[in-house]
J.: 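This is the structure I want to talk about, given as structure tokens.
Numbering of residues begins at 1 and proceeds along the displayed sequence. Any value given below was found using the heavy atoms of this structure, including those in side chains, with hydrogens, waters and symmetry copies removed.
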Amino acid sequence: GHKAYGYLWKRLSPSSCNMKVYGIHKRTWDKTPTFKSIKSAARMMGSQYTASLRKSLNNPRKYSWKGYYWFKEEEKEED
């Protein structure tokens, strides 16, 4: 856990909800493979920090990370 606001915070259960992401190169428009999580995308791109990647995800086409614009993959609904 960690301390914040004078309290000790602990995660009650591990999160099983991963967000699939992919990147589009901002000059050549090449698409990266779809990564199963933000953390795995950061590892494959050679970084251990995800803050800039999350900034790019929250503001697509405004901020890039490692030369790519990052997007969340939409879940396909099957009927």
J.: Go through the structure and list residues passing side-chain hydrogen bond (donor to acceptor under 3.5 Å, both in side chains) with S52, not counting sequence neighbours.
T.: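 Expected list: none.
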J.: Sequence neighbours excluded and cut-off under 3.5 Å, please list the side-chain donor-acceptor pairs for residues 63-71, or say none.
T.:
from, atom 1, to, atom 2, distance (Å)
S64, OG, K26, NZ, 3.2
W70, NE1, W65, O, 3.0
W70, NE1, Y68, O, 3.4

J.: Kindly list each side-chain donor-acceptor pair under 3.5 angstrom involving residues 29-37, sequence neighbours excluded, with atom names and distances?
T.:
from, atom 1, to, atom 2, distance (Å)
D30, OD2, T28, OG1, 3.1
T32, OG1, G23, N, 2.8
T32, OG1, G23, O, 3.4
T34, OG1, E73, OE2, 3.2
S37, OG, S40, N, 3.1
S37, OG, S40, OG, 3.2

J.: Establish whether Y22 and M44 are linked, either directly or via other cluster members, by ILVMFWY side-chain heavy-atom contacts under 4.5 Å.
T.: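 Y22 does not cluster with M44.
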J.: Using every non-hydrogen atom in the two residues, find where L53 and A42 come nearest and quote the distance to one decimal.
T.: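 Looks like CD2-N, 4.2 Å.
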J.: Would you give the length of the straight line joining atom NZ of K72 to atom CG of L57, rounded to the nearest 0.5 angstrom?
T.: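 Between K72 NZ and L57 CG, I get 6.0 Å after rounding to 0.5 Å.
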J.: Determine whether a donor-acceptor pair (N or O, by modelled atom type, separation under 3.5 Å) exists between the side chain of K39 and the backbone of Q48.
T.: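 Present.
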J.: Would you compute the distance between atom NZ of K20 and atom CD1 of I38 and round it to the nearest 0.5 angstrom?
T.: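 Going from the NZ atom of K20 to the CD1 atom of I38 covers 13.5 Å.
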